[in-house]
Amino acid sequence: MTSTDSSARGGEARPVSWLDSSGSPSRSAARRGRRRLPHLVAGVLLVVLCVGGAVWWTTSTQHRVPVLALAKPVPLGHVLTPADLRSIDVSAAPGVALIPADRAASVLGRPMATSLGAGTLLTPDAVGAAALPAVGRAVVAVVVKPGQAPPELAAGAPVTVVVTAATTAGSSATGQAPGTSWRATVVGVTPAGTDQTTVVSLEIDTTGASRLAQVPAGQLALVMQPAGGER
């Protein structure tokens, strides 16, 4: 059996033998077959990867459902209105209690049981009777002066509370060194009066609350953290 090779000089076709004198495939043909094998394997793998990716994307998309999230920070006791809510598509893990977007009417007009930040997914436990402070948590008030807290501070915002000056509360054993910090969540923000100070209520663990209460006014700074961050 022969074929033609058009790469000969002058453009003339010349026969190329695919079989040797014994009728078996020639060595050159076998070498060309072996060179093609890696390309064939790579092509098959590429097809498998593309199909697998399409199946994964389709499956993950089909399992995403619209649920309720907060459109802005809301404090404890705030009565929910349509402006407080928005719908977001999520792929929720089994056992996670979320409120479907089509059940928004079930939470409108009800008070918040805790303070939450914007973008937080709404759960059934977050709406209803106040659940603050929870076991192991406490609410403590701190007084901050202008420049010691962002003016955008609002209920539900996660913050880091930082000691900015050395304290001498009681003794050196109870004093807090500069740089000491705690993670907390803002519960409420209230102007103190005519001295431009502001009282900020913070939800924090009970140990941190006891230490934070010993820091004199004016020796703290509040640093806002991203919504949904760890306390």
Side-chain angles (χ1 to χ4, degrees), residues 50-142 144 149-161 182-191 198-209 212 222-231:
C50 290
V51 172
V55 171
W56 173 84
W57 181 86
T58 302
T59 303
S60 62
T61 301
Q62 290 175 347
H63 283 81
R64 294 177 72 85
V65 295
V67 299
L68 291 179
L70 293 175
K72 57 185 179 181
V74 291
L76 169 69
H78 174 80
V79 177
L80 289 173
T81 67
D84 300 320
L85 306 175
R86 67 186 180 96
S87 175
I88 183 171
D89 292 338
V90 300
S91 180
V96 177
L98 300 174
I99 302 177
D102 58 6
R103 294 184 55 192
S106 66
V107 299
L108 291 176
R110 298 183 62 190
M112 288 292 297
T114 185
S115 298
L116 295 175
T120 305
L121 299 179
L122 205 58
T123 63
D125 292 341
V127 183
L132 193 69
V135 177
R137 310 287 294 178
V139 176
V140 61
V142 298
V144 294
E152 298 84 5
L153 200 65
V159 296
T160 299
V161 187
W182 303 269
R183 298 300 297 269
T185 301
V186 177
V187 176
V189 180
T190 307
T198 302
V199 178
V200 181
S201 297
L202 301 171
E203 182 204 2
I204 189 173
D205 65 88
T206 52
T207 301
L212 188 56
L222 304 184
V223 181
M224 288 184 64
Q225 301 295 337
E230 296 181 357
R231 289 176 175 174

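Side-chain contact between Leu68 and Leu121 is absent, with no heavy atoms from C-beta onward closer than 4.5 Å. Taking the side chain as every heavy atom from C-beta outward, Arg110 and Val79 never approach each other to under 4.5 Å. Side chains of Leu70 and Leu122 form a contact here, defined as non-hydrogen atoms less than 4.5 Å apart.
Residues Pro82 and Leu108 approach most closely at N-CD2, 3.5 Å, considering heavy atoms. Here the closest non-hydrogen pair linking Met224 and Val159 is CA-CG1, 4.1 Å. Of all non-hydrogen atoms in Pro226 and Pro158, the two that sit nearest each other are O-CG, 3.3 Å. The minimum heavy-atom distance between Ala184 and Ile204, with the atom names listed, is CB-CB, 4.1 Å. Considering every non-hydrogen atom in both Thr198 and Val189, the closest pair reads CG2-CG1, 3.5 Å. Contact between Thr123 and Ala97 at its shortest, heavy atoms only, is CG2-O, 3.3 Å.
Screening residues 75-84 for salt bridge (charged side-chain N to carboxylate O under 4.0 Å, His left out) gives Lys72-Asp84 as the qualifying pairs, with residues at least two apart or on separate chains.
Note that the CZ atom of Arg137 and the OG1 atom of Thr206 stand 8.5 Å from one another [nearest 0.5 Å].
Remark: Val223 pairs with Thr160, Val162, Gln225 by the side chain to side chain contact (heavy atoms under 4.5 Å, CB included) rule, at least two apart or across chains.
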Can I get a per-line list of side-chain donor-acceptor pairs under 3.5 Å for residues 98-105, giving both atom names and the distance, sequence neighbours left out?
none

